[in-house]
Amino acid sequence: MVSSQPKYELVQEVGRGSYGLVYEAVVKKTGARVAVKKIRCHAPENVELALREFWALSSIQSQHPNVIHLEECILQKDGMVQKMTHGSTSSLYLELVETSLKGEIAFDPRSSYYLWFVMDFCDGGDMNAYLLSRKPNRKTNTSFMLQLSSALAFLHKNQIIHRDLKPDNILISQSRTPTGVPEPTLKVADFGLSKVCSASGLNPEEPVSVNKCFLSTACGTDFYMAPEVWEGHYTAKADIFALGIIIWAMLERITFIDTETKKELLGSYVKQGTEIVPVGEALLENPKMELHIPVKKKSMNASMKQLIKEMLAANPQERPDAFELELRLVKIACKECNWDT
Ligand SMILES: Nc1ncnc2c1ncn2[C@@H]1O[C@H](COP(=O)(O)OP(=O)(O)O)[C@@H](O)[C@H]1O
Ligand SMILES: [Mg+2]
């Protein structure tokens, strides 16, 4: 498909990541609001990141309310525009795949190549900004935990390991309830580091369990990285660890200042003298280290404390998988709910 008629109109820039720009946009025909992430494919790293995001989001057959939905992905080379589809044999798409595999640009470097990801627009900012600009609220915390565990169970069921779960990559959509009260819906986003685990070699029909799919590329953001990720031998249990750091920090409002951006971020850590150290890094040095959870008295009940401890176990096999995690959080939430009424 070659088209010169733009389908979307960009409204304003809403985010600037390490690899691309994100805009709020409207669909010209319907007036619907969408987010458009534009990645310039001028370096193999950018192409790899864009393809990872595309492969993960386009491999999901159904939608989940807490996972960002990819409307479409558009490939633009100079004046040419085409919709990108998984497994396409278009030469433009194949040039990108080759670039990513070889680690060097496989097309004329003078041409400008862009990938445009059209997604749901999240009007509530990211989880960091949302929570840190409000007073702590137990109901919001419980709702966020349930939404996140449900999203993770869905992703792992769909063989996707996210690998970069952190509050900046969790976005908020403030849809309104029938009573007009905005209700925050979390959307797990930014699949640039994700990995889709393909079917097991023995039986191609049988999907491989993400908890048995071993990965070796150490990636993620250090404060949320599990100890085994630092070593470069890990599975989907690394996502459970990252979620443990996020939930612990959310319940106790633990933040640190990012040295590069100077931004305050939600994330728990370990104190060593005056230094703050990522929990995963500290556990790698000393797997027997006891984590002081909770830091503040009364910020969580005994079941929650036990669950976070298990999510942050040094040994990934001792961590619950995403399905068990979801069940246990639902149980904890139900108890809290009965207690409230
Ligand atoms: N669907 C969206 N709706 C609204 N804002 C978004 C959306 N996707 C991304 N953003 C904004 O852009 C930022 C960067 O996007 P992200 O996908 O995390 O890219 P990067 O890989 O560059 O970090 C996000 O932190 C967020 O502020
Ligand atoms: Mg990001």
Side-chain angles (χ1 to χ4, degrees), residues 8-27 32-58 60 63-74 100 114-133 144 147-148 151-152 155 160-175 182 184-195 217 219-225 238-239 242-243 245-246 255 258 260-267:
Y8 305 97
E9 189 176 318
L10 302 185
V11 178
Q12 58 174 331
E13 187 185 311
V14 290
R16 196 174 270 261
S18 35
Y19 293 92
L21 287 173
V22 183
Y23 300 91
E24 174 185 348
V26 283
V27 183
R33 265 209 304 184
V34 287
V36 180
K37 180 162 155 177
K38 177 187 179 188
I39 301 182
R40 189 173 159 216
C41 301
H42 62 301
E45 305 86 75
N46 286 29
V47 176
E48 188 182 344
L49 182 119
L51 287 180
R52 281 196 183 287
E53 182 138 36
F54 173 67
W55 285 330
L57 291 175
S58 64
I60 303 175
Q63 287 187 35
H64 187 281
N66 305 117
V67 174
I68 202 89
H69 172 64
L70 178 69
E71 208 79 42
E72 62 175 345
C73 180
I74 295 164
S100 164
Y114 289 99
L115 279 177
W116 300 79
F117 287 82
V118 183
M119 311 169 273
D120 331 304
F121 179 68
C122 299
D123 56 356
D126 66 35
M127 189 179 161
N128 254 317
Y130 186 89
L131 287 177
L132 297 181
S133 61
F144 279 15
Q147 295 186 49
L148 286 173
L152 199 56
L155 291 175
I160 298 169
I161 309 182
H162 187 283
R163 301 202 288 189
D164 199 17
L165 285 176
K166 56 177 178 177
D168 303 40
N169 287 338
I170 299 165
L171 307 178
I172 311 240
S173 171
Q174 305 212 63
S175 42
T185 303
L186 295 187
K187 305 262 177 195
V188 173
D190 196 353
F191 285 74
L193 293 182
S194 67
K195 172 80 187 169
T217 312
C219 64
T221 306
D222 53 6
F223 272 82
Y224 310 89
M225 264 160 62
D239 282 347
L243 198 52
I245 296 285
I246 297 169
T255 61
D258 183 60
E260 253 177 54
T261 61
K262 307 282 179 244
K263 245 178 78 180
E264 184 183 15
L265 301 175
L266 270 175

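Remember, it's 1-based here, ligands and their atoms both numbered in the order they're listed. Since this is a predicted model, take the numbers as computed values, not measurements.
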Name each donor-acceptor pair under 3.5 Å that joins a side chain in residues 119-133 to protein atoms two or more places apart or in another chain, with its distance.
unit_1, atom_1, unit_2, atom_2, d
Asp120, OD2, His69, N, 2.9
Asp123, OD1, Gln174, N, 2.7
Asp126, OD1, Asn128, N, 3.0
Asp126, OD1, Ala129, N, 2.9
Asn128, OD1, Leu266, N, 2.8
Asn128, ND2, Asp168, OD1, 3.1
Ser133, OG, Ala129, O, 2.8
Ser133, OG, Tyr130, O, 3.1

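At distances below 3.5 Å, at least one donor-acceptor pair connects side-chain atoms of Thr261 with backbone N or O atoms of Lys263. Put simply, the side chain of Gln147 gets close to the backbone of Pro184: a donor and an acceptor are under 3.5 Å apart. Lys187 places a side-chain N or O within 3.5 Å of a backbone atom of Pro65 that can act as its donor or acceptor partner. Without hydrogens or angle criteria, Asp239 side chain to Arg163 main chain gives a donor-acceptor distance under 3.5 Å.
The Mg ion (ligand 2) has Asn169 OD1, Asp190 OD2 as its protein N, O or S neighbours under 2.8 Å.
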Taking it one step at a time, do Phe54 and Leu70 satisfy side-chain contact (heavy atoms from CB on, under 4.5 Å)?
CA-CA 8 Å; Phe54 173 67; Leu70 178 69; 4.2 Å; yes

Below 3.5 Å only, please: the N or O atoms of ligand 1 paired with protein N or O atoms, distance on each line.
unit_1, atom_1, unit_2, atom_2, d
ligand 1, 1 (N), Asp120, O, 2.8
ligand 1, 3 (N), Cys122, N, 3.0
ligand 1, 17 (O), Lys37, NZ, 2.7
ligand 1, 18 (O), Asn169, OD1, 3.2
ligand 1, 18 (O), Asp190, OD2, 2.9
ligand 1, 19 (O), Lys37, NZ, 3.1
ligand 1, 21 (O), Asp190, OD1, 3.2
ligand 1, 21 (O), Asp190, OD2, 3.0
ligand 1, 22 (O), Ser18, N, 3.1
ligand 1, 23 (O), Asp190, OD2, 3.0
ligand 1, 25 (O), Asp168, O, 3.4

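Taking Ile245 as the reference, Tyr224, Phe241, Ser268, Val279, Leu312 meet the side-chain contact (heavy atoms from CB on, under 4.5 Å) condition, with sequence neighbours excluded.
The CD1 atom of Ile60 lies 5.5 Å from the CZ atom of Phe191; values are rounded to the nearest 0.5 Å.
With salt bridges taken as basic N to acidic carboxylate O contacts below 4.0 Å, one links Asp190 and Lys37.
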